Amino acid sequence: MVNYEEGSERSFAMGDADQETSTEWSSYSLPGEVRNLAMETMYEYGSRVGIWRIFELLEKYGVKATFFACAVAVEQAPEVARAILSGGHCVVSHGYRWEETFRLSRDEEREHIRLAMASFERTLGSRPRGWYCRYGPSVNTRELVVAEGFTYDCDAYNDDLPYFVETTGRRHLVVPYSPDVNDFRFWQSPGIATSAQFFEYLKDSFDVLYAEGERRPRMMSIGLHPRIIGRPGRIGGLERFLDYTRGFADVAYLTRDEIADHWLAEHGGSK
């Protein structure tokens, strides 16, 4: 999953009351109303450079990815929207902005969902079928997502397989995500520092899931961010992993839409 958020993060330049604190320099904040220009350029690296390294790697290995995309981020980068479409990739809505939904009232959250859908209709020609929040959903999110007609959401970290929940009397599909197999660990302290460490964690996760797959289905999620994995000293870890896993004939690289459709077909539920 490629989390495309660049350009929709909190910043004074976007008129927000506060700004992002997580950067390549770990987490820090500037005093008062001082605009964090360094932070803004670190995020911009993802849309200027990092995203294109990811696209090139996906094309090299013939992988269709899922983009957890913020609507405003895609609006600001029409060339990225075109690359997503031309590459046949899947888009899951990551919100109107890269925002914490728990900061929003119920009515505000509903309005932001609708703003995101209208935006994606303009930039991509269609609305996404899946939804994913930043840092988890609010207590209202799943009910609102179901009401707005989404096929599934990814707002859970509690399983290695999709599953169904009952929401407002409807059977709704959840396709879980993974917080640990994620390049954001490069920005965490303690975290990981090298592409080799990233590759080893991906490989170790895959090897366990693959072995378990002999007895039951398994799904592996990999979280990527253009501003993070797109750096030249990190992208090699992802390439090594793609090279390693393509040696397994019974492994498939599926988008979230494809996983959702398979699960619905095999286990029932309405699309």
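Position 1 is the first residue of the sequence, and the numbers go up from there. Because the structure is a prediction, the values reported are computed rather than measured.
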Start with the C-alpha distance between N36 and Y28, add both sets of side-chain angles, then the distance that settles side-chain hydrogen bond (donor to acceptor under 3.5 Å, both in side chains), and finish with yes or no.
-> CA-CA 10 Å; N36 193 337; Y28 73 99; 3.0 Å; yes
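- A continuous path of Ile, Leu, Val, Met, Phe, Trp and Tyr side chains, each step under 4.5 Å between heavy atoms, connects V251 with Y201, placing both in one hydrophobic cluster.
- The ring pair (Phe, Tyr, Trp, His ring centres under 6.0 Å) search around F199 returns none, not counting sequence neighbours.
- D16 places a side-chain N or O within 3.5 Å of a backbone atom of S11 that can act as its donor or acceptor partner.
- To the nearest 0.5 angstrom, R171 atom CZ is 8.5 Å from L264 atom CG.
- Not counting sequence neighbours, the partners of S105 by the side-chain contact (heavy atoms from CB on, under 4.5 Å) test are D107, E108.
- Of the possible polar contacts, none joining the R218 side chain to the L161 backbone as a donor-acceptor pair under 3.5 Å is found.
- Take Y163 and apply the side chain to side chain donor-acceptor pair (under 3.5 Å) test, not counting sequence neighbours, and it matches N158.
- In plain terms, the two heavy atoms of Y177 and L224 that are nearest each other are OH-N, 4.4 Å.
- Looking at R106 and E143, their side chains come closer than 4.5 Å, going by heavy atoms from C-beta outward.
- Using a 4.5 Å heavy-atom threshold, the side chains of S205 and M220 count as touching.
- Aromatic pair F67/F55: centroids less than 6.0 angstrom apart.
- With a 4.5 Å cut-off on side-chain heavy atoms, R142 and V174 count as touching.
- With hydrogens and angles ignored, the 3.5 Å screen pairs a side-chain donor or acceptor of D183 with a backbone N or O of H225.
- A search for side chain to side chain donor-acceptor pair (under 3.5 Å) contacts involving H172 returns D153, not counting sequence neighbours.
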Anything under 3.5 Å between a donor and an acceptor, one on a side chain of residues 42-51, the other on a protein residue two or more places apart or in another chain? List them.
from: Y43; atom 1: OH; to: S22; atom 2: O; distance (Å): 3.1
from: Y45; atom 1: OH; to: R53; atom 2: NH1; distance (Å): 2.8
from: S47; atom 1: OG; to: E44; atom 2: O; distance (Å): 3.0

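- Looking at residues two or more places apart in sequence or on another chain, you find a ring pair (Phe, Tyr, Trp, His ring centres under 6.0 Å) between Y210 and F206, F248.
- Side chain to side chain, R256 and S221 meet the donor-acceptor criterion of an N or O pair below 3.5 Å.
- Two different hydrophobic clusters hold Y132 and L104 under the rule that ILVMFWY side chains link at heavy-atom gaps under 4.5 Å.
- For the side chain to side chain donor-acceptor pair (under 3.5 Å) test, residues two or more places apart in sequence or in another chain that qualify with R10 are D18, E100.
- Using a distance-only test at 3.5 Å, with no hydrogens or angles considered, no donor-acceptor pair links the side chain of T167 to the main chain of R170.
- Cluster annotation: V72 is not connected to I113 through the hydrophobic network of ILVMFWY side chains, with a link wherever side-chain heavy atoms come within less than 4.5 Å.
- Among the candidates E5, E9, E40, the single residue satisfying the salt bridge (charged side-chain N to carboxylate O under 4.0 Å, His left out) test with R227 is E5.
- Once rounded to the nearest 0.5 Å, the distance linking CD1 of I259 with NE2 of H262 reads 9.5 Å.
- In this structure, E20 pairs ionically with R134, as a charged nitrogen and a carboxylate oxygen lie closer than 4.0 Å.
- Checking side-chain atoms of Q76 against main-chain N and O of G7 turns up a donor-acceptor pair under 3.5 Å.
- Note that the CG atom of L85 and the OG atom of S126 stand 7.5 Å from one another [nearest 0.5 Å].
- Between the OG atom of S26 and the CD atom of Q188 there is a distance of 9.0 Å, given to the nearest 0.5 Å.
- Among all heavy-atom pairs drawn from C133 and D155, the shortest one is N-OD1, 2.7 Å.
- With sequence neighbours excluded, the residues forming a side-chain contact (heavy atoms from CB on, under 4.5 Å) with A73 are Y4, S8, C70, listed by chain and number.
- In this structure Y96 satisfies the ring pair (Phe, Tyr, Trp, His ring centres under 6.0 Å) test with no other residue, sequence neighbours excluded.
- Partners of W263 under the side chain to side chain donor-acceptor pair (under 3.5 Å) rule, at least two apart in sequence or in another chain, do not exist in this structure.
- A continuous path of Ile, Leu, Val, Met, Phe, Trp and Tyr side chains, each step under 4.5 Å between heavy atoms, connects Y157 with V175, placing both in one hydrophobic cluster.
- For the atom pair CZ (R103) and OG1 (T101), the distance works out to 11.0 Å, reported to the nearest 0.5 Å.
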Run the salt bridge (Lys or Arg N to Asp or Glu O under 4.0 Å) check on E24 and R234 step by step: do they pass?
-> CA-CA 13 Å; E24 287 281 356; R234 296 171 181 156; 2.8 Å; yes
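- Proximity of a side-chain donor or acceptor of S119 to a complementary backbone N or O of L115 within less than 3.5 Å is not detected.
- Comment: E258 does not engage K64 in a salt bridge, judged by the lack of any side-chain N to carboxylate O separation of less than 4.0 angstrom.
- Rounding to the nearest 0.5 Å gives a distance of 5.0 Å between OH of Y61 and CZ of R246.
- For the side-chain contact (heavy atoms from CB on, under 4.5 Å) test, residues two or more places apart in sequence or in another chain that qualify with F12 are Q19, E33, R35.
- Under 3.5 Å, the side chains of Y152 and D257 contain a donor-acceptor pair of N or O atoms.
- Inter-residue side-chain proximity for L254 and M219 is flagged as unmet; no heavy-atom pair is nearer than 4.5 Å.
- The two residues F198 and L238 have their closest heavy-atom pair at CD2-N, 4.3 Å.
- Take R127 and apply the side-chain contact (heavy atoms from CB on, under 4.5 Å) test, not counting sequence neighbours, and it matches M117, E121, F150.
- At distances below 3.5 Å, at least one donor-acceptor pair connects side-chain atoms of H89 with backbone N or O atoms of A65.
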